[in-house]
Visitor: 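Below you will find the structure I want to go over with you.
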Amino acid sequence: MTVPGAAATDAFGRRFRYLRLSVTEVCNFRCTYCLPNGFQKAGSMDFLSTDEIGRLVCAFSGLGIGKVRLTGGEPTVRKDIGGLIARVAAQPGIDKVALTTNGWNLSRHIDNWVASGLTHLNVSVDALERETFRKITGHDRLEDVLAGLERAQTLPLKAVKINAVLLRDALNTDFSAWTEFVRYRPIAIRFIELMRTGDNRAFFEDQHVSGQILGRWLEERNWTPRPRGRDDGPAIEYCHPGHAGRIGIIAPYAPGFCNGCNRLRVTARGQLRLCLFGQGGRDLRDLLASDEQRSALQQRVADALAFKPASHALHAADPGDIMNLAQTGG
Ligand code: SAM
Ligand code: SF4
């Protein structure tokens, strides 16, 4: 079992260095696979405060966490997101502060966020064609998002990546628009296999396509998978001698996907979730009111880790109790 002050590990010897922290459940987009009817208010909107987040991250860094990703919902609908980035970046031991965003206000704020300590940025872009983007997200903002992305690439960030959900419609239409996009841009686009959640069953059945099919499509066009490093995330990245950028595939349905799990999740209401697709969470919020509770908080996380399951059960069509990824932080 993990003890406070030591590295966080679980019963399967997996070591956790990476915390994905949801800072809000609210989102301004209506992505077809996530919140097709938009964000619906449920319960109080009492999400973790900057002080609570500072204490939480400080306690996790004492357990060996060095990277924190702020996600949601849409993390940048929080007006205090710049202050949150700064607070996380100020915690000892945290050397990577990442943000996953739909990019709606990126061009206006990215300079400030980087100045506040942001080191890694993932922007979700599900289509490169204006009307398709509007249909998927409910917003005619592709141009703004791409402008923000371009600005981000000029700033001293350690990594800027694009996330896109792999949808059957996209693969069946003009997929080569994506490879053209990275011909001269040195950026990684990571396609995430569509995941089934409680809310999207019919959509999933219509649009899910295995990452293997995209892998074959790429290999037929001379893209080759890169050898994986020890601390690499779950993406298999493909490169091509004629292209500056890379195409990655994240395939949570592939066998063995969970073996290298290195991440923990905390929801915007302060619940530790051991697996994105698990049942329930362990409440941490009662231990976030003061700095004096840090050891108790670390002990609670360490105790909970012993119960982290070996794998999700998505392959058995069991997405756990999660209704959509905006609820727990994707
Ligand atoms: N709103 C931000 C965004 O869209 O980047 C952050 C939160 S969103 C839940 C995080 C990531 O999860 C996004 O890249 C999104 O495309 C992805 N996502 C959401 N629902 C998904 C699903 N059912 N299957 C696969 N990826 C999903
Ligand atoms: Fe919002 Fe992100 Fe979900 Fe799209 S994927 S609805 S942007 S939380």
Side-chain angles (χ1 to χ4, degrees), residues 20-40 47 68-78 81 84 98-106 110 113 118 120-127 133-142 144-145 148-149 152 160-171 188-211 214 233-235 248-254 257 263 265-268 273 276-277 312 314 317 319-320 322-330:
R20 294 177 77 104
L21 175 60
S22 174
V23 299
T24 181
E25 292 167 9
V26 179
C27 186
N28 53 347
F29 275 23
R30 297 191 296 274
C31 299
T32 41
Y33 49 81
C34 182
L35 294 175
N37 302 315
F39 168 72
Q40 312 285 323
F47 304 125
V68 177
R69 177 174 299 282
L70 302 178
T71 180
E74 174 49 43
T76 70
V77 299
R78 269 186 77 146
I81 186 71
L84 283 181
L99 178 72
T100 301
T101 173
N102 62 28
W104 73 287
N105 59 359
L106 192 59
I110 186 63
W113 297 338
L118 190 72
H120 290 66
L121 177 71
N122 284 27
V123 186
S124 300
V125 185
D126 288 320
F133 182 93
R134 189 195 63 74
K135 279 193 188 136
I136 295 177
T137 63
H139 285 260
D140 185 11
R141 282 186 183 265
L142 177 63
D144 286 355
V145 174
L149 194 63
V160 179
K161 293 181 181 167
I162 293 179
N163 286 351
V165 176
L166 181 60
L167 300 174
R168 185 179 298 283
D169 283 350
L171 205 54
I189 304 178
R190 288 122 46 92
F191 285 89
I192 312 169
E193 235 181 73
L194 176 64
M195 294 178 248
R196 180 171 164 172
T197 62
D199 275 350
N200 75 3
R201 184 178 173 170
F203 185 87
F204 176 86
E205 278 163 12
D206 184 46
Q207 288 296 320
H208 176 260
V209 50
S210 153
L214 173 55
I249 303 175
I250 299 178
Y253 290 86
F257 178 79
R263 58 205 54 202
R265 290 187 158 80
V266 173
T267 71
R273 285 197 67 115
L276 185 53
F277 298 101
H312 62 58
L314 280 176
I322 183 182
M323 297 316 284
N324 53 66
L325 262 56
Q327 209 178 41
T328 43

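Each ligand, and each atom within it, is numbered from 1 in the order the structure gives.
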Visitor: If the plane angle is over 60° it's perpendicular, under 30° parallel, otherwise tilted; pick one for F203 and Y33.
Guide: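 Answer is tilted, since the angle falls between 30° and 60°.
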Visitor: Check each heavy atom of C27 against ligand 2 and say whether those closer than 4.0 Å belong to the side chain, the backbone, both or neither.
Guide: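 Only the side chain of C27 comes within reach of ligand 2.
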Visitor: Does a side-chain heavy-atom distance below 4.5 Å link T137 with N102?
Guide: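 No. Closest side-chain heavy atoms not under 4.5 Å.
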Visitor: Which atoms of ligand 1 have any heavy atom of E74 under 4.0 Å away?
Guide: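 Listed by number with element: 1 (N), 2 (C).
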Visitor: Contact between S124 and ligand 2, counting heavy atoms under 4.0 Å?
Guide: no
Visitor: For residues L214 and L166, determine if any side-chain heavy atom of one lies less than 4.5 Å from a side-chain heavy atom of the other.
Guide: yes
Visitor: When you compare ligand 1 with T100, is there at least one nitrogen or oxygen pair between them that comes in under 3.5 angstrom?
Guide: no
Visitor: Can you find a heavy atom in the side chain of N122 that is under 4.5 Å from one in the side chain of K161?
Guide: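 Yes, side chains in contact.
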Visitor: Looking at R78 and V23, would you say the former's side chain and the latter's main chain have a donor-acceptor pair under 3.5 Å?
Guide: yes
Visitor: Pull out every atom of ligand 1 sitting under 4.0 Å from any heavy atom of N102, numbered as shown with elements.
Guide: 2 (C), 3 (C), 5 (O)
Visitor: Okay, side chain of D140, backbone of R134: is any donor-acceptor separation there less than 3.5 Å?
Guide: no
Visitor: Which of the numbered atoms in ligand 2 are below 4.0 angstrom from a heavy atom of A326?
Guide: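 Close to A326: 8 (S).
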Visitor: S22 and G72: which non-hydrogen atoms are nearest, and at how many Å?
Guide: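 Looking at all heavy atoms of both residues, the closest pair is OG-CA, 3.5 Å.
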Visitor: Show me which atoms of ligand 1 lie under 4.0 Å from any heavy atom of V165.
Guide: 16 (O), 26 (N), 27 (C)
Visitor: Quick one: nearest non-hydrogen protein atom to atom 14 (O) of ligand 1, plus distance?
Guide: S124 OG, 2.9 Å
Visitor: Of the non-hydrogen atoms in P75 and T100, which two are nearest, and what is the gap between them?
Guide: CG-O, 3.1 Å
Visitor: So if I count the atoms of ligand 1 from 1 in the order they appear, which ones are less than 4.0 Å from some heavy atom of G73?
Guide: 1 (N), 2 (C), 6 (C), 7 (C)
Visitor: Establish, from distance only, whether the side-chain atoms of T101 and E74 form a donor-acceptor pair under 3.5 Å.
Guide: yes
Visitor: Among all protein heavy atoms in this structure, tell me which lies nearest to atom 3 (Fe) of ligand 2, with the distance rounded to 0.1 Å.
Guide: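 Among all protein heavy atoms, the one nearest atom 3 (Fe) of ligand 2 is C34 SG, 2.4 Å.
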Visitor: Does L106 reach the side chain of T76, with side-chain heavy atoms less than 4.5 Å apart?
Guide: no
Visitor: Under 4.0 Å from any heavy atom of N163, which atoms of ligand 1 are there?
Guide: 14 (O)
Visitor: Note the single closest protein heavy atom to atom 20 (N) of ligand 1, along with its residue, its atom name and the distance in Å.
Guide: Y33 CD1, 3.5 Å
Visitor: What protein heavy atom lies closest to atom 8 (S) of ligand 1? Include the residue and the distance to one decimal.
Guide: G72 O, 4.4 Å
Visitor: Is there a side-chain contact between N324 and N200 (heavy atoms, below 4.5 Å)?
Guide: no
Visitor: Could you tell me whether the side chain of R273 and the main chain of V266 form a donor-acceptor pair under 3.5 Å?
Guide: no
Visitor: Applying a heavy-atom cut-off of 4.0 Å, say which part of E193 lies close to ligand 1: side chain, backbone, both or neither.
Guide: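 Just the backbone.
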Visitor: Can you list the ligand 2 atoms lying under 4.0 Å from a non-hydrogen atom of F29?
Guide: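 Answer for ligand 2: 6 (S), 7 (S).
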Visitor: How far is atom 12 (O) of ligand 1 from the closest protein heavy atom, and which atom is that?
Guide: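 Scanning the protein heavy atoms, the shortest distance from atom 12 (O) of ligand 1 goes to L325 CD2, 4.0 Å.
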Visitor: Contact between Q327 and I322 at the side-chain level, heavy atoms closer than 4.5 Å - yes or no?
Guide: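 In contact.
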Visitor: Short list, please: which atoms of ligand 1 are under 4.0 Å from a heavy atom of T71?
Guide: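 Listed by number with element, the hits are 6 (C), 7 (C).
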Visitor: Any N/O of P75 closer than 3.5 Å to an N/O of ligand 1?
Guide: no
Visitor: Identify, for atom 4 (Fe) of ligand 2, the protein heavy atom at the shortest distance, and state residue, atom and that distance.
Guide: C31 SG, 2.3 Å
Visitor: Which ligand 1 atoms are under 4.0 Å away from a heavy-atom of N200?
Guide: 23 (N)
Visitor: Only heavy atoms of G73, strictly under 4.0 Å: list the atoms of ligand 2 that pass.
Guide: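 Selected atoms, number and element: 8 (S).
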Visitor: Quick one: nearest non-hydrogen protein atom to atom 24 (N) of ligand 1, plus distance?
Guide: M195 N, 2.8 Å
